[in-house]
Amino acid sequence: MSRGRAALAGVTAAAVAIGVAEPVAVFTGPRSAPLIAVGGLVVDAVPEPLKQFAIAVFGTYDKVALLVGTSVLLAAIAALLGVLAARRLWLGLAGIAAFGALGVAAALTRAGADAYDALPSLVGGGLGAVTLWAFVAGPLASDVTSPASAGTPAPGAPSASPSHTPSRAPSPSPAPPPSIAALAPDEPAGWEPQEPADHESRRRFLRGVGLLAGTAAVAGFGGHWLAGQRGVSAARQAVKLPAPATPAPPLPAGADLSLPRLAPFVTPNREFYRIDTALVVPQVDPATWRLRIHGRVRNPIELSFDDLLARPMIERYVTLACVSNEVGGDLIGNARWLGVPIRELLDEAQPEDGADQVVGRSVDGWTCGTPTAVLRDGRDALLAVGMNGEPLPVEHGFPVRMVVPGLYGYVSACKWVTELELTSFADFDAYWVPRGWSAQGPIKTQSRIDTPRARGRLTAGPITVAGVAWAQHRGVRRVEVRVDGGPWQEATLAPTASVDTWVQWSWRWDAGPGEHTLQVRATDAGGETQPERRRPVAPDGATGWHTVKVTVG
Ligand SMILES: Nc1nc2c(c(=O)[nH]1)N[C@H]1C(S)=C(S)[C@@H](COP(=O)(O)O)O[C@H]1N2
Ligand SMILES: [Mo]
C-alpha cells in the first residue's frame, strides 16, 4: 500500500470515528461527542499564555479556531496512523484505541457525566478501527487484486506488512524491474504502472474512501444538527417572565447620546459580548433545573425554576465587564437584568461565620468565587432570569445566571448556575484562580474613545469625541480628554442609570490639520483617577489610558 493511500485510509478512518459518534451523541448529549469532549479537555488544559493569545487573536471566535485546530491536528495524526497501520496493522489499531480511550476519558471526566457518555467514543472508535482494517487488510485493501482472490485476510495477517506488497498477484504486463521497485517502494498510487488490476484496486480504494467519508460527513453533520434540535430554545420561548416587583427606574433623558459608532447605552442581546469556556452551549431545561444553596450554611436551600419565578423580582441596569478586556476593548456590555436578589437567598440560607466565599457552579462544572460580603452589602447582586426584557439567551446562561455589579465576570457572573456553595477563599480556588488570575476581581475604572476611530481620517473643524467610561459600583465622577499630550480637558458626562452602569461622555474638539493623538482617562466617585501605567489584563484587569491616533486633513 502506498504511503499516500495509507495516509488517506487513516484520515478516512478518523472521519468515520468522529462522524458516527455524532448521531450517538444525540442521545448522550453533545458534550459526550469525542471532538467536543477532547476539545473541552484542551480548553481546560491550555496553558494560560496560549489562551490569552487565542482570545486576543480570535476574539470570541477562539472556539471555532480551537475546533478547527484540533481537527487539523487529528487529521495529521490519523494520516500517520494510516501509514503505521500499513506497516503493522496492530499499531494503527492501537493508535485508534488510544484515541477512543482519550475520548472516553474526556467524556467521563466532564462535570455531570454518566457512563453512557462513553458510548459515542466507543462506537466511533470501534467503527474507525473496522474502517482502518478494511483499507489495510480487508475488502478495500489495495493489494487484494480481485474480489475472488485470497479472500479477506484477518487483522494482523501478513498482507498488512509492507514486505507483502511486492508479491502482488501476477499481472499481464511485466512487473517493473526490481531495482525501480526497490528505489520507490512507496510511490503514490497514481504513479504506479497502469495495470488493469492496479487500476481496479485504486478504483475500489477511492470508492471506499468516498463512500465512507460521505457517510461520516452525513452522520457527523446530521447528528450535530439533530442534537441542536434537542436544545432548549423552545423551552426558552415558553418561559413567561414575571413582572418585576421593583422595575428599573426609567432611564434619564439623554443617557444615550445616539451618536454613530458610539456604543449604545443598552447593549442589544445579540451584540452582547460572550465569554465562557463552553465548547457547546449548555442546554439546561428549566423544568429540571435546580439551584442548591449549600456548604457552610445553617439552612441549605433547594429551588426549582418555578420557585425562583414565584419570588419578588427586581430589575436593574448593570454593566458587565470581562477581566480580559484590553484597554479600548469591547468585552463589556450593559443590559437590563431581571432577577432575585442573591442577598435574600443568602439571608435565608444563613452562612456560617468564616464562610467568606460563595462559589457559583455551572452545569458544566465551571466555577467562580464571589466574596460573601459583596453579595450581602446591599448592592443589586442578582440571580438573573431576564436580559433586556427576554428570558436569558441560551449563550448568556439560560435559565439562570449570576450578575454582580462591580466585579469582573470571571469572579461573579456564573452562567447556567446550579449551585451556590458557601466556603472560604482559603479552602477553595475557583476555575480561573489556579490558572493565574486573581481570586479577587473588582472592576477597575476605565474609559474608551468610541469615536473617532483609531487611524480615522477627519476633516478639520469641530469634531465630537465620544465614548464610554465605567467604574461599577463606585460610579464615574469625571472624564477628561487630552490632545497630543496637552492639558486635560473635562468631557461632558451624559446622565446614567446608576453607579453600576457605564456612562457615555462627549467632548467638542476643534481639530486642526495634522496627525493627532487623543487620550482619555476617568476618575471614579472616590476621586481615584485611572493610572497611566499600562498593565496587561492578567492577573486582575488591564490599566492604562485609551489612546487613539487620527489624521485631520
Ligand atoms: N458557566 C460559565 N459562566 C461564566 C463563564 C464561563 O466560562 N462559564 N465566564 C465568565 C466570564 S469570564 C465572563 S466575562 C462572563 C461573560 O458573560 P456573557 O458571556 O454573558 O457576556 O461570564 C462569566 N460566566
Ligand atoms: Mo471574563
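Taking a 6.0 Å sphere around NE2 of His224, one finds it holds 12 or fewer heavy atoms contributed by other residues, nucleotides or ligands. When the shell of 6.0 Å around CZ of Arg535 is examined, it contains 12 or fewer heavy atoms from other residues, nucleotides or ligands. Remark: Gln489 CD is packed, more than 12 non-hydrogen atoms of other residues, nucleotides or ligands lying under 6.0 Å away.
Although no hydrogens or angles enter the test, the distance criterion places no donor-acceptor pair under 3.5 Å between the side chain of Arg31 and the main chain of Val280. Panel note: side chain Gln283, backbone Gly231; no donor-acceptor pair is recorded below 3.5 Å. The backbone N or O of Arg533 sits less than 3.5 Å from a side-chain atom of Thr543, completing a donor-acceptor pair. No donor-acceptor pair closer than 3.5 Å links the side chain of Glu302 to the backbone N or O of Pro300. Side-chain atoms of Tyr410 do not come within 3.5 Å of backbone N or O of Val433 as any donor-acceptor pair. In this structure a side-chain-to-backbone donor-acceptor pair under 3.5 Å is present from Thr319 to Trp502. Side chain of Asn269 to main chain of Met387: a donor-acceptor pair is present (N/O by atom type, distance under 3.5 Å, no hydrogens or angles). The closest donor-acceptor contact from the side chain of Asp380 to the backbone of Leu382 lies at 3.5 Å or more, if one exists at all. Here the side chain of Asn388 pairs a donor or acceptor atom with the backbone of Thr267 at under 3.5 angstrom. Listed for the Asp484 side chain is a donor-acceptor partner under 3.5 Å among the backbone atoms of Thr517.
Sequence neighbours left out, the pairs with a member in residues 106-119 that pass salt bridge (Lys or Arg N to Asp or Glu O under 4.0 Å) are Asp44-Arg110. Pairs engaging residues 449-458 under the salt bridge (Lys or Arg N to Asp or Glu O under 4.0 Å) rule: Arg448-Asp450 [sequence neighbours left out].
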Next item on the list: Could you please spell out the steps behind the side-chain hydrogen bond (donor to acceptor under 3.5 Å, both in side chains) verdict for Ser304 and Asp306?
Entry: CA-CA 5 Å; Ser304 70; Asp306 286 337; 5.3 Å; no
Next item on the list: Go through the steps for Arg521 and Gln530 under the test side-chain hydrogen bond (donor to acceptor under 3.5 Å, both in side chains), then give the verdict.
Entry: CA-CA 6 Å; Arg521 70 176 188 190; Gln530 271 180 256; over 6 Å; no
Item checked: From CA spacing to verdict: side-chain contact (heavy atoms from CB on, under 4.5 Å), Phe265, Asn334 -> CA-CA 7 Å; Phe265 183 78; Asn334 183 43; 3.4 Å; yes
Check: When you look at Thr501 and Thr496, which way does the side-chain hydrogen bond (donor to acceptor under 3.5 Å, both in side chains) test go after all the steps?
Finding: CA-CA 7 Å; Thr501 56; Thr496 190; 2.9 Å; yes
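Ion pairing between Lys549 and Glu515 fails under the 4.0 Å rule for side-chain N and carboxylate O. Classification of Asp276 and Lys415 as a salt-bridged pair holds, one side-chain N sitting under 4.0 Å from a carboxylate O.
Of all heavy-atom pairs between Asn299 and Glu348, the closest is ND2-O, 2.9 Å. Summarising the geometry of Pro286 relative to Phe305, their closest heavy-atom pair is O-CB, 3.4 Å, with the distance given to 0.1 Å. Taking all atoms of both residues into account, the shortest heavy-atom contact from Ala335 to Phe272 is CB-CE1, 3.9 Å. Between Ile449 and Val465 the shortest heavy-atom distance is CG2-CG1, 4.1 Å. Of all non-hydrogen atoms in Gly360 and Leu420, the two that sit nearest each other are CA-CD2, 4.1 Å. Contact record, Trp289 with Leu303: CZ3-O, 3.9 Å, taken as the closest heavy-atom pair.
With sequence neighbours excluded, the residues forming a ring pair (Phe, Tyr, Trp, His ring centres under 6.0 Å) with Trp545 are Trp488, listed by chain and number.
Thr445 pairs with exactly one of Glu528, Arg474, Gln472 by the side chain to side chain donor-acceptor pair (under 3.5 Å) rule, that one being Arg474.
At least one cation-pi condition fails for Arg296 and Phe428: the charged atom is not both under 6.0 angstrom from the six-membered ring centre and inside a 45 degree cone around its axis.
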